[in-house]
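In listed order, ligands and their atoms are each counted from 1.
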Amino acid sequence: METVTSVKDFQNFLNERRSLGEEIGFVPTMGALHDGHTSLIDASVRQKKTTVVSIFVNPLQFSDTEDLDDYPLSLEKDEETCLRHKVELLFCPTRREIYPKELPELEEIGEIGKTLEGESRPSHFQGVATVVARLFEIVGVSSAYFGEKDFQQLMVVNELVKRHQFPVEIVACPTIRQIDGLALSSRNVYLTEEQRADAPVLYRALMEGAESVRCGEKKSENLKKLISDIVINESKGDLDYVGVVDSETFTQLDSVLESGKQIRILIACNFGAARLIDNIGVVIP
Ligand code: PAF
């Protein structure tokens with residue numbers, strides 16, 4: 001496996017592989033690779049002849065008060081992980097390669113990026129959309145793998161592809177969890193022992209919520225209250241939001257839930273320095 005830093009070298013490699021008729025699987029990341037990322041890589045390796053990974057910690061998706069400077073970096077370990085999982089090329093561009101202009105123009109992605117996580121982290125999804133658009137422009141025809149753990153990000157990326165008509169197929173992969181239900185995230189390293197013991201409450205509360213829907217709960221207010229109460233009563237986490245959305249359109253469902261609809265329940269909660277998000281899908285009976 002090779003590691004390249006320039007767009008030109010990356011594109012030369014991709015063009016060569018395409019000229020051999022090989023399909024490209026692309027896994028964009030910000031490094032600090034864990035089993036969630038390797039599940040995306042493994043899915044790509046299973047489905048595509050060539051798998052490439054990018055590592056770029058995108059400054060545009062962090063606000064001034066967020067953890068950009070402390071974001072976990074582990075390039076050597078990440079290279080070993082990629083090699084072990086049969087990645088063919090690792091693209092680790094410099095900031096200049098991704099954003100040749102000092103102030104890149106931000107992508108507009110509309111309402112999907114403004115609610116829930118977008119409300120708590122204004123401009124976050126614009127930053128994500130801007131880097132993903134740039135990466136898709138560079139990579140070209142491919143399939144790109146994203147985790148459902150960041151469900152709202154996945155919806156933003158789908159919207160971005162639609163708006164730009166990028167020749168990129170988005171492949172959504174299921175959330176990978178630890179044995180006690182905690183969703184894998186690069187941010188879990190910030191949890192103290194006590195917070196780590198508390199954090200699985202998120203998935204527990206989501207599962208209870210999904211079960212109540214399956215048992216007939218039709219009011220999203222009740223559903224949100226049930227989930228919030230579990231998190232507040234069973235942990236020291238500082239709950240930010242519980243949201244209920246239509247899985248296809250990402251519109252928030254504030255009142256009665258319609259039978260047959262696929263919904264997603266999303267949650268965000270701060271455990272000290274770690275802001276954790278999670279979600280679960282359920283069909284209204
Ligand atoms: O999910 C991530 O790691 C990032 O948001 C992404 C998609 C690589 C864009 O920087």
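Looking at ligand 1, you'll find an N or O of Gln61 within less than 3.5 Å of one of its N or O atoms. In terms of N/O distances under 3.5 Å, ligand 1 is not approached by His37.
Looking only at atom types and distance, the side chain of Ser74 has a donor-acceptor partner in the side chain of Asp78 under 3.5 Å away.
Contact between Ala210 and Ile265 at its shortest, heavy atoms only, is N-CD1, 4.1 Å.
Per-residue contacts place Pro28 under 4.0 angstrom from the following atoms of ligand 1 (heavy atoms of the residue considered): 8 (C). When each atom of ligand 1 is checked for a heavy atom of Val131 under 4.0 Å away, the hits are 9 (C), 10 (O).
Residue-level proximity to ligand 1 for Val157 is absent, since no heavy atom of it falls below 4.0 angstrom.
Scanning the protein heavy atoms around atom 1 (O) of ligand 1, the nearest turns out to be Gln153 NE2, 2.8 Å.
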Would you mind writing out the side-chain donor-acceptor pairs for residues 51-61 within the sub-3.5 Å range, not counting sequence neighbours?
unit_1 : atom_1 : unit_2 : atom_2 : d
Thr51  : OG1    : Ser44  : OG     : 2.7
Thr51  : OG1    : Val45  : N      : 3.4
Asn58  : OD1    : Leu60  : N      : 3.3
Asn58  : OD1    : Tyr99  : OH     : 2.6
Asn58  : ND2    : Gln61  : OE1    : 2.9
Asn58  : ND2    : Gly127 : O      : 3.0

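A salt bridge between Asp254 and Lys224 is present, with a side-chain N of the basic residue lying under 4.0 Å from a carboxylate O of the acidic one.
Applying the ring pair (Phe, Tyr, Trp, His ring centres under 6.0 Å) rule to Tyr145 yields no partners; only residues at least two apart in sequence or on another chain are considered.
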